[in-house]
Number of protein chains: 2
Amino acid sequence: MLPDKKELIIKTATQLFAEKGYEGTSIRDLATAAGVNIAMVNYYFGSKDKLFEAMVEHKSVFIREKLEEIASDNSTTDIEKIDLIIENYVFRFLSQPHYHRLIHQELMLKSREILHDKIINNFVKNTQIIIGIIKQGIRKKEFNKVDPELTFASIIGTINQIMLSKQMCITLINKEKDFDPYTNEDFKKRLLTHLKQIIHTHLLIK
Amino acid sequence: MLPDKKELIIKTATQLFAEKGYEGTSIRDLATAAGVNIAMVNYYFGSKDKLFEAMVEHKSVFIREKLEEIASDNSTTDIEKIDLIIENYVFRFLSQPHYHRLIHQELMLKSREILHDKIINNFVKNTQIIIGIIKQGIRKKEFNKVDPELTFASIIGTINQIMLSKQMCITLINKEKDFDPYTNEDFKKRLLTHLKQIIHTHLLIK
DNA sequence: AAAAATCAATTAAACGTTTGTTTAATTCAA
DNA sequence: TTGAATTAAACAAACGTTTAATTGATTTTT
């Protein structure tokens with residue numbers, strides 16, 4: 001009936017897997033939520049695992065494009081590129097907390113090895129873009145001789161720490177229970193300010 | 001037969017849950033590994049969930065003691081305290097990668113709400129100790145007026161980023177497949193050097 | 001153009017496993 | 001003799017998957 005029932009299943013799976021986890025989402029839940037028959041998932045994707053893989057593939061296609069666009073822009077300096085990438089990461093992560101937790105689940109526990117490898121491959125490709133910029137800045141003597149790989153780990157790790165648990169984040173920054181750090185603009189600004197400050201003093205000479 | 005079969009179950013559970021995840025470990029696996037009957041887990045702990053809670057409680061008792069010991073030492077400066085805490089975290093995390101991933105699983109996905117809250121409570125208590133030191137340093141005008149909460153997030157986040165996935169860490173730092181970043185002393189030193197450097201330039205005035 | 005054939009889409013139902021848990025009997029030491 | 005510890009077995013529920021039948025639209029044949 002619908003133009004693409006396959007895509008509807010992927011879309012519903014993305015939402016449910018992210019909210020309740022992969023193991024926590026049964027095919028029956030998923031089928032009900034998508035309004036399709038239980039057998040349709042296996043009919044279209046072969047198995048629940050392969051649906052997961054299809055979902056990750058579907059998601060990770062568009063992520064790297066933006067990073068490469070920023071990296072290859074000749075009109076920006078290296079530190080401006082770093083700033084833009086930080087903004088990109090913060091914006092993307094904060095707007096999809098559940099999805100990024102799901103990906104981290106798969107990174108930490110390597111059940112489903114195929115998926116684990118696929119996620120790592122995608123992640124590392126993005127990584128190399130940013131590390132490349134840092135190394136370039138060092139070569140041009142615009143940046144200090146920092147540890148490029150671990151500097152990247154500090155950037156992405158800071159954001160991930162905030163994304164770990166909403167309740168933990170709220171408690172950490174001492175806000176009320178109904179405060180939502182992921183949608184609050186002031187907090188987003190605060191996170192960006194801190195990140196840029198710590199990375200600027202770390203990277204920029206003097 | 002054994003002096004404390006309860007503790008044996010907890011010990012085995014810690015290992016198996018950490019390696020294969022909570023959902024991924026069946027009571028049958030656990031019972032076999034511990035050499036006890038399947039029914040013993042429910043006999044002693046009531047349920048699989050309560051065993052998990054008992055395990056976390058058992059683990060998190062000793063962690064905060066060391067942090068408080070460092071914080072309350074009058075013979076060290078604030079930056080020295082920060083350094084000691086960083087060393088403590090790095091040492092502890094690197095030596096128990098599986099366990100910390102397990103805890104992060106529970107932080108990210110809040111199935112088992114009782115356990116989720118328990119972990120957050122323990123974590124936040126540790127957090128406050130470190131944030132307290134940073135605020136003290138700022139008050140004494142030894143530290144820059146940084147964002148204490150997010151500075152903590154950067155410290156712990158950097159380590160957590162390294163802990164996310166061993167394979168990802170290896171790829172990140174461009175090593176061979178058999179390289180183990182978690183036991184390698186050179187890499188531990190490299191991580192400590194980076195962390196102290198980025199935090200020192202961030203915290204210390206001038 | 002009407003009838004027949006074809007094949008993907010869809011369904012309800014059942015399948016075989018595995019799960020955490022409980023039961024009821026037995027062991028064993030106090 | 002008492003009661004906790006331990007066992008093998010069974011339990012009920014949930015899971016991913018498969019089956020076999022049916023629908024419905026498109027294509028082929030008459």
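Proteins come first, then strands; the chains are lettered A, B, ... in the order of their sequence lines, and each starts at number 1.
Counting to the nearest Å, the P atom of dT7(D) and the CE atom of M40(B) are 7 Å from each other. For the pair K20(A) NZ and dC15(D) P, the interatomic distance rounds to 9 Å; values are reported in whole Å. Across the protein-nucleic acid pair, I27(B) atom CD1 and dT18(C) atom C1' stand 12 Å apart, rounded to whole Å. Atom P of nucleotide dA5(D) and atom CG of L8(B) are separated by 15 Å, given to the nearest angstrom. Between the NZ atom of K5(B) and the C1' atom of dA5(D) there is a distance of 8 Å, given to the nearest Å. At whole-Å resolution of the value, CZ in R112(A) and C1' in dG16(D) are 13 Å apart. Note: CG (N42(A)) to C1' (dA9(C)) measures 15 Å, nearest angstrom. Atom-to-atom, CD1 of I38(B) to P of dA8(D) comes out at 8 Å; the value is rounded to the nearest Å.
Qualifying side-chain contact (heavy atoms from CB on, under 4.5 Å) partners for K11(A), counting only residues two or more places apart in sequence or in other chains: none.
For dT6(D), the OP1/OP2 oxygens have no side-chain nitrogen or oxygen of N37(B) closer than 4.0 Å.
Look at E53(A) and R112(A) and you find no salt bridge, because none of the NZ, NE, NH1 or NH2 atoms lies under 4.0 Å from a carboxylate O.
Residues from residues 43-51 of chain B with heavy atoms under 4.0 angstrom of DNA chain D, sorted by number: Y43(B), Y44(B).
Of all nucleotides listed (dT22(C), dA12(C), dG20(C)), dG20(C) comes nearest to the side chain of S26(B).
Taking the centre and axis of the six-membered ring of F91(B), the NZ or CZ atom of K188(B) falls outside the cone set by 45° and 6.0 Å. Geometrically, K50(B) does not engage Y44(B) in a cation-pi contact, judged by NZ or CZ lying under 6.0 Å from the ring centre and within 45° of the ring axis. Because its NZ or CZ atom is not both nearer than 6.0 Å to the ring centre of F187(A) and within 45° of the ring axis, R190(A) does not count as a cation-pi partner of that residue.
The number of heavy-atom neighbours closer than 6.0 Å to CD1 of I114(A), taken from other residues, nucleotides and ligands shown, is 12 or below.
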